[in-house]
Amino acid sequence: AQIVQSSIISLCSQESTSLSVTPNSTSGGSWSSSNQAVANINNNGLLSTNNPGSSMITYSITQNNCTANDQINVTVDSLPAPSINGILGICIGQGTTTLSTAPTTPIYSNWTWSDNNSSNNSSIDVSSPGNYNVTVVDANGCSGEDVVNVEGYEIPNVQLTYDPPCLGQEPLDIRAETSLGAAPFTYTYNGPNGYDSNPVPSAGGDVAGVWEVEVIDDNECVDSEVIS
């Protein structure tokens, strides 16, 4: 009896394949694995791999009080374990975040992202929240995957109010109120004549003009409002 497959075969972990013998008249024998932690085989020749390593697969048959054996060596390769890295949050409607695979060594031979728009790239730019997964293939032809969730952050909404001052009297006090977004908030003011703080330290005609306030929340999402 002779096992049809070559004397050495290489498979990935968690993979199955069928082995057979020739000639057919020698079927009906028994299969065994020298290392069942690496690979198992049933009496129908179905080989299932487990952990990385090697195992000697033996086929044995006895006919007319004569026993014949054949063996092949099975090498089992580990599955790649990619990890998606990046900032896993995005301000809805503002910008993108880059997701990339690690480790960079060994270098994978193929990447397939769930966004369906990336052609074999190790990284993608995403502009929408949701789940993103990548499937990689290594030099042994084994595949592995990872998935992450990119969270969507609400954009802060800033509103400006103020009481117009009388010339030479009370300072101009611009009030910024922010809804939505994540506290704490950081405000930046820009006004005429280089004013960049609030309350404005002096009042009068020199504070008239266009004022803008920009707010950045704890997730670095941005909103702005202009008054004049």
Closest non-hydrogen atom pair, [X] against [Y]:
X	Y	answer
Gly89	Thr97	O-CB, 4.2 Å
Asp138	Pro80	OD2-CD, 3.7 Å
Thr49	Cys12	OG1-O, 2.6 Å
Ser83	Asp146	CA-OD2, 3.4 Å
Ser33	Ala39	OG-O, 2.7 Å
Ile155	Cys91	CD1-CB, 3.6 Å

Looking only at side chains, do [X] and [Y] share a donor and an acceptor under 3.5 Å apart?
X	Y	answer
Thr62	Thr67	yes
Ser10	Asp77	yes
Thr178	Tyr187	yes
Ser54	Thr75	no
Thr98	Asp125	yes

How long is the straight-line distance from [atom2] of [Y] back to [atom1] of [X], given to the nearest 0.5 Å?
X	Y	atom1	atom2	result
Asn51	Gln36	CG	CD	12.5 Å
Glu151	Ile90	CD	CD1	11.5 Å
Ile84	Asn133	CD1	CG	6.5 Å
Leu11	Thr17	CG	OG1	6.0 Å

Given side chains that start at C-beta, do those of [X] and [Y] come closer than 4.5 Å, heavy atoms only?
X	Y	value
Val150	Tyr132	yes
Val158	Glu177	no
Cys221	Glu154	no
Val148	Leu99	yes
Tyr59	Ile61	yes

Side chain to side chain contact (heavy atoms under 4.5 Å, CB included) assessment of Asn50 paired with Asn40: CA-CA 8 Å; Asn50 301 311; Asn40 295 320; 3.3 Å; yes
Result of checking Leu47, Leu19, Ile8 against Ile72 for side-chain contact (heavy atoms from CB on, under 4.5 Å):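 With Ile72 as partner, Leu47, Leu19, Ile8 yield a single side-chain contact (heavy atoms from CB on, under 4.5 Å), made by Leu19.
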Test log, rule side chain to side chain contact (heavy atoms under 4.5 Å, CB included), inputs Ile57 and Trp31: CA-CA 7 Å; Ile57 303 299; Trp31 295 90; 3.8 Å; yes
[X] atom [atom1]: more than 12 heavy-atom contacts under 6.0 Å:
X	atom1	value
Gln14	CD	yes
Glu220	CD	no
Leu180	CG	yes

Criterion side-chain hydrogen bond (donor to acceptor under 3.5 Å, both in side chains) against Trp111, the qualifying member of Asn121, Thr101, Thr135: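 The residue from Asn121, Thr101, Thr135 that satisfies side-chain hydrogen bond (donor to acceptor under 3.5 Å, both in side chains) with Trp111 turns out to be Thr101.
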Non-neighbouring partners of Ser100 that pass side chain to side chain donor-acceptor pair (under 3.5 Å), sequence neighbours left out: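 Scan of Ser100 (side chain to side chain donor-acceptor pair (under 3.5 Å), adjacent residues dropped) gives none.
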Asn42 (side chain) donor-acceptor with Asn44 (main chain) under 3.5 angstrom: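 Here the side-chain-to-backbone pair exists.
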